Amino acid sequence: MMNTSRSKDLYDRAKRLMPGGVSSPVRAFAPYPLYISKGKGSKIWDVDGNEYIDYCMAFGPLILGHAHPSVVKVLQEQAEKGTLYGAPIEKEIELAEMIRNYYPSIEMVRFVSSGTEATMHALRLARGYTGKNKVIKIEGAFHGAHDAMLVKAGSGATTHSVPNSMGIPPEVTKNTLLTPFNDISTVEKIVKDHKKEIAALIVEPVIGNAGPILPDKDYLKSLRELTSDEGILLIFDEVITGFRLAMGGAQEYFGVRPDLTTLGKIVGGGMPIGAFGGPEEIMSMISPTGKVYQAGTFSGNPMSLAAGIATLKELERIGHRELNRKGEAIRKGIESVVNELHLDFTVSGIGSMFQLFMTKGPLRNYEDAKRSDAALFNKLFRGLLEKGVYLPPSQFETNFLSTAHSDEDIEKTVNAYDEVLREITQ
Ligand code: KE4
């Protein structure tokens, strides 16, 4: 067994100071989380000095891996010039132009400091622009921890059994209508039942927060057609998929153009960020040019934009081909182990996203994902930790590769899956 005694000591102090000893519930796991002291490339080290190949990658932002030299350099340079001015900076223009270049659906963008803010404000904008109050959300999707979206929410809300959080007035959640992923007929019925009341439909074009679930062929296209016909704004929440599936995200990958897009994670290169954007006609309704208010102290801050710009420039330089090849390699490797052991488990993922669901497929929606044996997943998670492989600690999250992961990392990881799956299932 690995020595993780210092993590335990820190946890014993932390749990008296912070709920669950963590700053976000997704990081908590039994008997105690590992406290991380360093990351470099594809690796992280805990405070006891144990080394892990990291597939959490901070839940998605670190597409270049930890402490990429080009990101570290620009952060050092910027810090010397100050970290925050509360005034416009040239980097906002540079990053906004880069985003507009890769997302033709985005004519104007507003920077914020988290994906939660991005979706919260995008939904307010959709309501302000359409004058309608209801929004359609996909069961099991996660769009950040704000009231309107904590309804059958995925990610940590499902992991910790609060997909419908306490503390949210029914007056709020009555405006959030639910539909399963990959189910157009239910959306059609909702639209028919709530004619002219629906401002927007928000969707993770590839669900990342139930574990990765892919859209059926033409599902996104059908959503686009239906929402266009009904005057409903289609919002693609690309906080995970943006710049990961392609520079232009899922909308480039699947060739479907939403009305509004939310971004986060990768676009900040490991620093706090969010962004939402769309046509000038809609975005100009955002204060100060319009009557939909939005604001934030750290929005568009120099450090986040410096890291984001450096990250996108490096992604432009190296492209996604190698990254996606490695994603395919790790999915195929784990699939071959599952098949060799005759396990009724399902490998899911796309590009540099992957997950092993402890249930048989196909996995088309949240209900399918919830069939997974979460207790067995936790045994897999702990077994992999012992073998130096660190995953997000939940069946309902996505594992991420970075450009720093090597073929050797992937071989070691597939071997670790093989050993642990033999231990826990045979
Ligand atoms: P943040 O507020 O965590 O930056 O973004 C919220 C958000 C919005 N949309 C999507 C599709 C997301 O995946 C997220 C956040 N993802 C989670 C993990 N799946 C972040 C980790 C956490 O909650 O601590």
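Counting starts at 1 for both ligands and their atoms, following the listed order. These figures come from a predicted structure and were not determined experimentally. Residue numbers start at 1 and run along the sequence shown.
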task = Name the closest protein heavy atom to atom 2 (O) of ligand 1, giving the residue it belongs to and the distance to 0.1 Å.
result = Thr116 OG1, 2.6 Å
query = With Arg364, which residues qualify under side-chain contact (heavy atoms from CB on, under 4.5 Å), at least two apart?
reply = Asn182, Asp216, Pro362, Asp368
Atom 7 (C) of ligand 1: the protein heavy-atom neighbour that sits closest, reported with distance to 0.1 Å = Gly144 N, 3.8 Å
note = Which of His143, Arg124, His146 passes side chain to side chain donor-acceptor pair (under 3.5 Å) with Thr119? It is His146
query = Is a salt bridge present between Glu328 and Arg325, judged by a nitrogen-to-oxygen distance below 4.0 Å?
reply = no
note = the protein heavy atom lying closest to atom 9 (N) of ligand 1 turns out to be Asp237 OD2, 2.7 Å
inquiry  = Under 3.5 Å between any N/O of Arg27 and any N/O of ligand 1: does that happen in this structure?
reply    = no
ask   = Any luck finding a side-chain donor-acceptor pair between Asp48 and Thr4 under 3.5 Å?
value = no
query = Any donor-acceptor pair under 3.5 Å linking the side chain of Glu139 with the backbone of Leu178?
reply = no
Ligand 1 to Glu117 polar contact by distance, N or O atoms, under 3.5 Å = no
ask   = Which atoms from ligand 1 have a heavy atom of Ile240 less than 4.0 Å away?
value = 13 (O)
remark   = dist Lys137:NZ -> Asn175:CG (nearest 0.5 Å) comes out at 15.0 Å
task = Mind checking whether Ser114 contacts ligand 1 via backbone (N, CA, C, O), side chain (CB onward), both or neither, at a 4.0 Å heavy-atom cut-off?
result = both
query = Looking only at heavy atoms, is any part of Asn209 under 4.0 Å from ligand 1, and if so is it the side chain, the backbone, or both, or is it neither?
reply = side chain
request  = Could you tell me whether the side chains of Thr227 and Arg224 share a donor-acceptor contact shorter than 3.5 Å?
outcome  = yes
ask   = What's the shortest distance from atom 10 (C) of ligand 1 to any protein heavy atom, and which residue and atom give it?
value = Phe142 O, 3.3 Å
key: Nearest-neighbour protein heavy atom for atom 1 (P) of ligand 1, which is reported as residue plus atom name and distance   = Gly115 N, 3.5 Å
query = Taking heavy atoms and a distance under 4.0 Å, where does Glu397 meet ligand 1: side chain, backbone, both or neither?
reply = side chain
inquiry  = Under 3.5 Å between any N/O of Val26 and any N/O of ligand 1: does that happen in this structure?
reply    = no
Residues Glu367, Lys370: salt bridge by 4.0 Å N-O rule = yes
ask   = Which bit of Glu204 gets closer than 4.0 Å to ligand 1, counting heavy atoms only: side chain, backbone, both or neither?
value = side chain
ask   = Are Thr241 and Tyr253 linked by a side-chain donor-acceptor pair shorter than 3.5 Å?
value = no
ask   = Salt bridge between Lys313 and Glu316, side-chain N to carboxylate O under 4.0 Å?
value = no
ask   = So which heavy atom in the protein is nearest atom 24 (O) of ligand 1, and how far is it from that ligand atom?
value = Ser24 OG, 2.6 Å
message = Within the structure, is a non-hydrogen atom of Lys265 found at a distance of less than 4.0 Å from ligand 1?
response = yes
